[in-house]
**Student:** 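Dumping the structure here so I can ask a few things about it.
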Amino acid sequence: VFAEQEETILLSGPTGAGKSRLARFCHACSPRAQEAFETLDLTTVPEDLQMAELFGWRKGAFTGAVRDNVGCLGRAEGGTLFIDEIDKLSLKAQGGLLRVLEERTYRSLGETSGERPARVRFIVGTNANLTALVRSGLFREDLFFRIHVLPVRVPPLVERRDEIVAWAEHMLERRHRETGRSSGAALSPAAQSLLEAQPWPGNLRQLDNIIRRAYALFLVDAGAGGGAV
C-alpha cells in the first residue's frame, strides 16, 4: 500500500536488515517503476559535500568543481530518491532537504537561473532512533515530522525466522546463476535447520555472506569429487 503512494516512506531498522532492498521494492511497485532509482548513502559523503551531492553543482561553484554535476535529485528525476542513513545528514543539509520536501523545488550550488522542480518520490532510511536525536538537538524536529509520513520498521532477521530459509534460497539461487551453471541449487534440510537456529546479528548481509561462503566451499568439495553440502 505504501509503495503505491507518493508520500515519503521512512524505513527504520538495524544495519543489514534489508532497508535498501525494501526501498527498491517500493520503487518497483510504484507508478514510477519505469523511471530512475537513485541512492544517496550519507555514510559515504563528508558533511561539507552533502548539499552538493544532493542538489548538484555548477562548474566553479566551489574548489574542485571542474564540471557541472546534476546531483542526486537531478539523476532521480521522475523516479525515486532513496536517502540512506538520514541521521548522518548535517543540520545545514537538513534545512535544505526540508525546503525541498515542502516546496518541491531546489537550486544547484552555483546556479543563477532559478529554481528547478523536484519531481522525485523520497524514501529515507535510518538505523538510528530519530526521536532521541530530535530530543538531543542533532536532528531537526520539523524535518522529522516531514519524513515521518509512511513509517515502516524493518525488524532484525532474528525476529523474522520464518523468512530465513526463503532468503537463503533466494541468495543461493542468485549466487548459482552468477556462476553460469544451468542446473539447480538447493539447501539441504539440515542446512535449513542450522540457518534457522542462528542469531544473525549481521542480519541479511551476514546471511548473504554465509551463503556465498558455503557455496564456495561446496564448489571446492564438488571439484574434489564430493557433491554434498
Side-chain angles (χ1 to χ4, degrees), residues 1-45 53-56 70-89 97 100-101 104 106 116-128 130 146-180 184-187 200 202-212 215:
V1 173
F2 284 4
E4 296 174 353
Q5 310 304 313
E6 284 292 292
E7 299 291 351
T8 301
I9 295 179
L10 172 60
L11 304 176
S12 61
T15 299
K19 295 187 294 296
S20 62
R21 296 171 188 263
L22 187 54
R24 288 184 177 276
F25 171 82
C26 289
H27 172 70
C29 294
S30 76
R32 299 174 181 266
Q34 301 305 313
E35 305 299 332
F37 177 86
E38 180 74 15
T39 296
L40 174 59
D41 184 352
L42 290 169
T43 61
T44 66
V45 183
E53 287 293 332
L54 182 60
F55 303 128
V70 296
C72 291
L73 281 168
R75 290 191 293 272
E77 174 75 20
T80 301
L81 175 58
F82 174 47
I83 305 178
D84 201 10
E85 308 293 353
I86 190 74
D87 51 287
K88 302 295 191 299
L89 198 63
L97 177 59
V100 174
L101 290 169
R104 308 303 297 187
Y106 70 100
R116 300 184 184 188
R119 299 191 185 96
V120 299
R121 195 269 181 91
F122 289 91
I123 302 177
V124 298
T126 183
N127 61 8
L130 292 183
R146 193 62 187 82
I147 64 176
H148 197 263
V149 182
L150 303 177
V152 178
R153 175 181 175 268
V154 185
L157 189 58
V158 71
E159 296 180 16
R160 299 146 56 192
R161 291 193 181 277
D162 58 321
E163 297 181 16
I164 292 175
V165 170
W167 274 112
E169 289 178 336
H170 165 72
M171 294 166 177
L172 175 61
E173 292 171 2
R174 181 179 60 190
R175 182 68 190 98
H176 192 60
R177 288 196 305 269
E178 290 173 354
T179 65
L187 293 167
W200 303 112
N203 296 296
L204 289 177
R205 188 171 294 120
Q206 181 188 10
L207 177 61
D208 192 26
N209 290 339
I210 291 295
I211 293 298
R212 289 177 176 274
Y215 189 80

**Student:** From Phe2 CZ over to Leu10 CG, what is the distance, rounded to the nearest 0.5 angstrom?
**Tutor:** 10.5 Å
**Student:** Can you tell me how far the CG atom of Leu172 sits from the CZ atom of Arg177, to the nearest 0.5 Å?
**Tutor:**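 So the gap between those two atoms works out to 10.0 Å.
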**Student:** For Arg121 and Ile9, run side chain to side chain contact (heavy atoms under 4.5 Å, CB included): C-alpha distance rounded to whole Å, both residues' side-chain angles, the deciding distance at 0.1 Å, then the answer.
**Tutor:** CA-CA 9 Å; Arg121 195 269 181 91; Ile9 295 179; 3.3 Å; yes
**Student:** Over all heavy atoms of both residues, which pair between Gly78 and Val120 is shortest? Give the atoms and the distance, please.
**Tutor:** N-CG1, 4.4 Å
**Student:** Any chance you could measure Trp167, atom CH2, to Leu207, atom CG, to the nearest 0.5 Å?
**Tutor:**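 One finds 9.5 Å between CH2 of Trp167 and CG of Leu207.
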**Student:** Determine the interplanar angle of the Phe37 and His27 rings, folded into 0 to 90°, and report it as parallel if under 30°, tilted if 30 to 60°, perpendicular if over 60°.
**Tutor:**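 Judged by the thresholds at 30° and 60°, the geometry between Phe37 and His27 is tilted.
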**Student:** Strictly distance-based, threshold 3.5 Å: is any side-chain N or O of Lys19 a donor or acceptor partner for the main-chain N or O of Val124?
**Tutor:** no
**Student:** How far apart are the C-alpha atoms of Phe122 and Leu73, what are their side-chain angles, what is the distance that settles it, and do they pass the side chain to side chain contact (heavy atoms under 4.5 Å, CB included) test?
**Tutor:** CA-CA 10 Å; Phe122 289 91; Leu73 281 168; 3.7 Å; yes
**Student:** Is the closest side-chain heavy-atom distance between Arg160 and Asn203 below 4.5 Å?
**Tutor:**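 Heavy-atom side-chain distance check fails, nothing below 4.5 Å.
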**Student:** Apply side-chain hydrogen bond (donor to acceptor under 3.5 Å, both in side chains) to Thr39 and Asp41, showing your working.
**Tutor:** CA-CA 6 Å; Thr39 296; Asp41 184 352; over 6 Å; no
**Student:** By the definition side chain to side chain contact (heavy atoms under 4.5 Å, CB included), identify the one residue from Asp84, Ile86, Val45 that meets it with Leu40.
**Tutor:**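 The passing option is Val45.
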**Student:** Using side-chain heavy atoms (C-beta onward) and a distance below 4.5 Å, is Ser12 in contact with Thr126?
**Tutor:**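 Yes - at least one pair of side-chain heavy atoms lies under 4.5 Å apart.
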**Student:** In Å, rounded to the nearest 0.5 Å, how long is the span from OG of Ser30 to CD1 of Ile123?
**Tutor:**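 Interatomic distance, Ser30 OG to Ile123 CD1, rounded to 0.5 Å: 7.5 Å.
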**Student:** Locate the shortest heavy-atom distance separating Gly18 from Leu204; write the atom from each residue and the value.
**Tutor:** CA-CD1, 3.8 Å
**Student:** Work out which heavy atom in Ala28 is nearest to a heavy atom in Ala33; give both atom names and the distance.
**Tutor:**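 For Ala28 versus Ala33, the nearest heavy atoms are O-CB, 3.3 Å.
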**Student:** Check Pro14 against Pro155 and note the closest heavy-atom contact, atom names and distance.
**Tutor:** CD-C, 4.5 Å
**Student:** Within the 4.5 Å heavy-atom criterion, are Thr44 and Glu85 side-chain neighbours or not?
**Tutor:**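 Side-chain contact under 4.5 Å: no.
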**Student:** Can you tell me if Glu178 has over 12 outside heavy atoms packed within less than 6.0 Å of its CD?
**Tutor:**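 Yes.
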**Student:** Shortest non-hydrogen contact from Leu81 to Ala76?
**Tutor:**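 Scanning both residues completely, I find the closest heavy atoms to be CB-CB, 4.0 Å.
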**Student:** Give me the one residue out of Arg174, Met171, Glu173 that meets side chain to side chain contact (heavy atoms under 4.5 Å, CB included) with Ile211.
**Tutor:** Met171
**Student:** Enter the distance from Ile164:CD1 to Trp200:CH2 here, rounded to the nearest 0.5 Å.
**Tutor:** 7.0 Å
**Student:** How many angstroms lie between atom CD1 of Ile83 and atom CG of Leu42, to the nearest 0.5 angstrom?
**Tutor:** 7.0 Å
**Student:** Looking only at heavy atoms, what is the nearest atom pair of Ala118 and Val100, with distance?
**Tutor:**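 Of all heavy-atom pairs spanning Ala118 and Val100, the closest is CB-CG1, 3.8 Å.
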**Student:** Closer than 4.0 angstrom, basic N to acidic O: yes or no for Glu77 and Arg119?
**Tutor:**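 Looking at Glu77 and Arg119, the cut-off is met.
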**Student:** Show your reasoning for whether side chain to side chain contact (heavy atoms under 4.5 Å, CB included) applies to Leu89 and Leu54.
**Tutor:** CA-CA 11 Å; Leu89 198 63; Leu54 182 60; 5.6 Å; no
